[in-house]
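In what follows, a single structure is set out as structure tokens and then discussed.
Chain letters run A, B, ... following the sequence lines, proteins first and then strands; every chain starts at 1. Just so you know, these numbers use all the heavy atoms, side chains as well, and skip hydrogens, waters and symmetry mates.
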There are 2 protein chains.
Amino acid sequence: MLFMARTTGSHAGITGPRVRQAALRLFAQKGYAAVSMRAIAAEVGVQAGALYNYTPDKESLLFDLMRVHLEELLAQADFGAEADPLTRLRQFVEFHIRFHADRPDEVFIAYMELRNLSPENFAQIEALRRRYEDRLETILRDGAKQGVFAIEDTKIMTLAIIAMLTGVNTWFRSGGRLSLDQVVAQYWDMVRRAVGAE
Amino acid sequence: MLFMARTTGSHAGITGPRVRQAALRLFAQKGYAAVSMRAIAAEVGVQAGALYNYTPDKESLLFDLMRVHLEELLAQADFGAEADPLTRLRQFVEFHIRFHADRPDEVFIAYMELRNLSPENFAQIEALRRRYEDRLETILRDGAKQGVFAIEDTKIMTLAIIAMLTGVNTWFRSGGRLSLDQVVAQYWDMVRRAVGAE
DNA sequence: ATGATTAATGAACACCCGTTCAAAAGCAAT
DNA sequence: ATTGCTTTTGAACGGGTGTTCATTAATCAT
């Protein structure tokens, strides 16, 4: 029993993920404040009370969605410090666009629903986001130091690039006029020029 | 009585703007769905019922704030077609940053609360925004045609530039490390490079 | 089959929502 | 002081909110 997995009496293993998935979809579609716990429960097919087997409260549902999203972002955003800055910047641009295009709902929530977090949770999410921004800024600083980039202020450049890249999510639709490959190529052109490379 | 309590009768000319101002502030701070009509009324200093002398319903309050904001944006965003594209692009960048920095609440609402509009109102706001984007795209197309800019896809470049410039609002604070003049100068550098000018 | 454990129900709690409207209160002109 | 008009009140409407919890149902180990 001590080493036995918790298989006893539950489709909790099924309901739990379904709750998070329903919350993600509804939060992204209607906004956190406009989605009731009863609406989430209805989407899952249970009563509202059952949700509290999987989350202590509504805000934790939102917070966990954001936290997991940003932790995945950080886990995958690894651009080895051995490569040259231009290569690492290209990797960053491609990674950012593809990662975000794959998760439109998570991205939307993580940017739009920050107001609904408690100050403590807000600080945690902001810290994760800051760590991601630092990955890019490190690349830019390395490139500037080596004379590969011509950048006046790496902090501004960092925020400008991320804003530009994240903006793709507001209009890109798979199956539209442009393939994601084309989008990546064009944004890489713009970023490369903006940092003054070549 | 040393302090006159708020009285009734003939304050419409004052109350109306105060309602819109309170709604703007609260919507930007807490989000549309999280702000009650009673909260807006409390900010103004009246009862909730009085608000309905100034708006038919809550959504119209939001819609009018967005509409007026975008109409002002369009009214001021006039870059004469006689100047050369590079000058007009510089004017656009400077105008966009300054106009948006002056109205953080309006900008925030107009980007974040679109979900809370009815389909008809949403379409109207989107049309206004599209007209603004077209002002920039016209500049980019003119410049590309004259060979002043090297742009593969003007539509993408338009959206990328606007996303980059609007991103300033997420971090710029008056009295911070950088003056608005410096911000304008740096973003102009980035945009000029991105479009391949010079 | 029994007992233990877990998950889900459904009702209840206290409170908040947007909106309406008759009544009251203020103002300006007579 | 009275009349006509505008503005606000305050209560009410029907319904929705997040959350709790005793009860019931479902599952698994023995």
Side-chain angles (χ1 to χ4, degrees), chain A residues 1-24 26-27 29-65 109 113 115-118 120-121, chain B residues 1 3-24 26-27 29-65 109 113 115-118 121:
Chain A
M1 324 232 185
L2 209 62
F3 306 103
M4 192 153 291
R6 235 185 25 155
T7 55
T8 320
S10 88
H11 33 312
I14 292 174
T15 307
R18 297 223 312 155
V19 168
R20 285 181 283 276
Q21 180 185 322
L24 171 66
L26 290 173
F27 288 166
Q29 186 174 97
K30 319 255 187 195
Y32 172 80
V35 174
S36 68
M37 292 299 269
R38 285 170 181 84
I40 298 171
E43 178 102 344
V44 175
V46 297
Q47 296 300 311
L51 300 183
Y52 291 84
N53 290 319
Y54 307 100
T55 182
D57 48 44
K58 190 186 174 190
E59 191 195 317
S60 297
L61 217 40
L62 175 64
F63 173 68
D64 286 343
L65 288 171
I109 285 177
E113 304 294 355
R115 288 180 291 202
N116 298 295
L117 296 179
S118 70
E120 300 77 28
N121 286 344
Chain B
M1 235 187 259
F3 185 80
M4 294 297 288
R6 161 160 290 274
T7 57
T8 60
S10 86
H11 288 85
I14 292 174
T15 307
R18 297 226 309 155
V19 167
R20 287 181 282 275
Q21 181 185 323
L24 172 66
L26 290 172
F27 288 166
Q29 187 173 95
K30 320 256 188 196
Y32 173 80
V35 174
S36 69
M37 293 298 270
R38 284 171 180 82
I40 298 170
E43 177 103 343
V44 175
V46 296
Q47 296 299 312
L51 300 183
Y52 291 84
N53 291 318
Y54 307 100
T55 182
D57 49 44
K58 190 186 175 192
E59 192 196 316
S60 297
L61 217 39
L62 175 65
F63 173 68
D64 286 343
L65 288 171
I109 285 176
E113 304 293 355
R115 286 180 293 203
N116 298 294
L117 296 178
S118 70
N121 286 344

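For M37(B), the listed nucleotide lying nearest its side chain is dG18(C); candidates were dA8(C), dG18(C), dT19(D). Checked against dA8(C), dT20(D), dT8(D), the side chain of Y52(A) finds its nearest nucleotide in dT20(D). When distances are taken from the side chain of D57(B) to each of dT8(D), dT19(D), dT19(C), the shortest belongs to dT19(C). Checking dG18(C), dT19(C), dG18(D) against the side-chain heavy atoms of S36(B) singles out dG18(C) as nearest. For T15(A), taking side-chain heavy atoms from C-beta onward, the closest of the listed nucleotides dT7(D), dA8(C), dT20(C) is dA8(C).
When side chains are defined from C-beta on, R115(A) does not count as touching Y32(A), because their heavy atoms never get closer than 4.5 Å.
Along DNA chain C, the nucleotide nearest to A33(B) and the one nearest to Q47(A) differ in position, and the one closer to the 5' end is contacted by Q47(A). Between A34(A) and G49(A), it is A34(A) whose nearest contact on DNA chain D lies nearer the 5' terminus.
If you take CG of N53(B) and C1' of dT6(D), they are 8 Å apart, rounded to a whole angstrom. Rounded to an integer number of Å, the gap from CD1 of I14(A) to P of dT27(D) is 10 Å.
Between Y54(A) and dA8(C) there is a side-chain polar atom (N or O) within less than 4.0 angstrom of OP1 or OP2.
Counting non-hydrogen atoms under 4.0 angstrom, V35(B) reaches the backbone sugars and phosphates but no base.
Rounding to the nearest 0.5 angstrom, the gap separating the CD atom in Q21(B) from the CG atom in L26(B) is 10.5 Å. With rounding to the nearest 0.5 Å, the separation of CG in N116(B) from CD in E59(B) is 8.0 Å.
Residue R38(B) places a side-chain atom within donor-acceptor reach of the base of dG18(C), judged by atom type and a 3.5 Å distance cut-off alone.
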Check: Under the salt bridge (charged side-chain N to carboxylate O under 4.0 Å, His left out) criterion, do E113(A) and K58(A) qualify, and how do the steps go?
Finding: CA-CA 13 Å; E113(A) 304 294 355; K58(A) 190 186 174 190; over 6 Å; no

